[in-house]
Amino acid sequence: MKTLNDEIVDRLLKYMGEKNISQYKLAKLSCIPFPTIRSIIQRKTKDIHLRTIIMLVNGLGVPLNEFLDEKIFNVDNLDM
């Protein structure tokens, strides 16, 4: 079973690919330091805070409810 962090990274990569946004560009757009973005994408960050998710999706230009609109984000489907 995937963890919450795995799902978040998968969604970030999906939107980054769709919008042709690099990790560096996402760092600039979201005001999150590039090393933090890299750590998240490399799945080295153990817990991604809600504030960080909000900043990331804002940088991607994606509404938070759309980003989290997957049944996998239902608490019954996550290994937390």
Between atom [atom1] of [X] and atom [atom2] of [Y], what is the distance when rounded to the nearest 0.5 Å?
X: R43; Y: D6; atom1: CZ; atom2: CG; answer: 5.0 Å
X: L56; Y: M16; atom1: CG; atom2: CE; answer: 9.0 Å
X: N5; Y: T45; atom1: CG; atom2: OG1; answer: 7.5 Å
X: E18; Y: L60; atom1: CD; atom2: CG; answer: 10.0 Å

(request) With sequence neighbours excluded, give me every side-chain hydrogen bond (donor to acceptor under 3.5 Å, both in side chains) pair touching residues 47-65. (result)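 Found none.
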(request) Compare every heavy atom of F67 with every heavy atom of V57, then report the nearest pair and how far apart it is. (result)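 In terms of heavy atoms, the two residues are closest at CG1-CG, 3.3 Å.
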Check side chain to side chain donor-acceptor pair (under 3.5 Å) between [X] and all other residues, then give those that pass, not counting sequence neighbours.
X: K44; result: Q42
X: K19; result: none
X: E66; result: Y15

When the side chains of residues 25-38 are checked against the rest of the protein, which donor-acceptor pairs come out under 3.5 Å, sequence neighbours left out?
residue	atom	partner	partner atom	Å
S30	OG	L26	O	2.6

(message) For residues L64 and I40: do they belong to one hydrophobic cluster (side chain heavy atoms under 4.5 Å, members Ile, Leu, Val, Met, Phe, Trp, Tyr)?
(response)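 Same cluster.
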(request) Flag yes if Y24 and V9 sit in one hydrophobic cluster, no otherwise; membership is Ile, Leu, Val, Met, Phe, Trp, Tyr, and two members link when side-chain heavy atoms are under 4.5 Å apart. (result)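 Different hydrophobic clusters.
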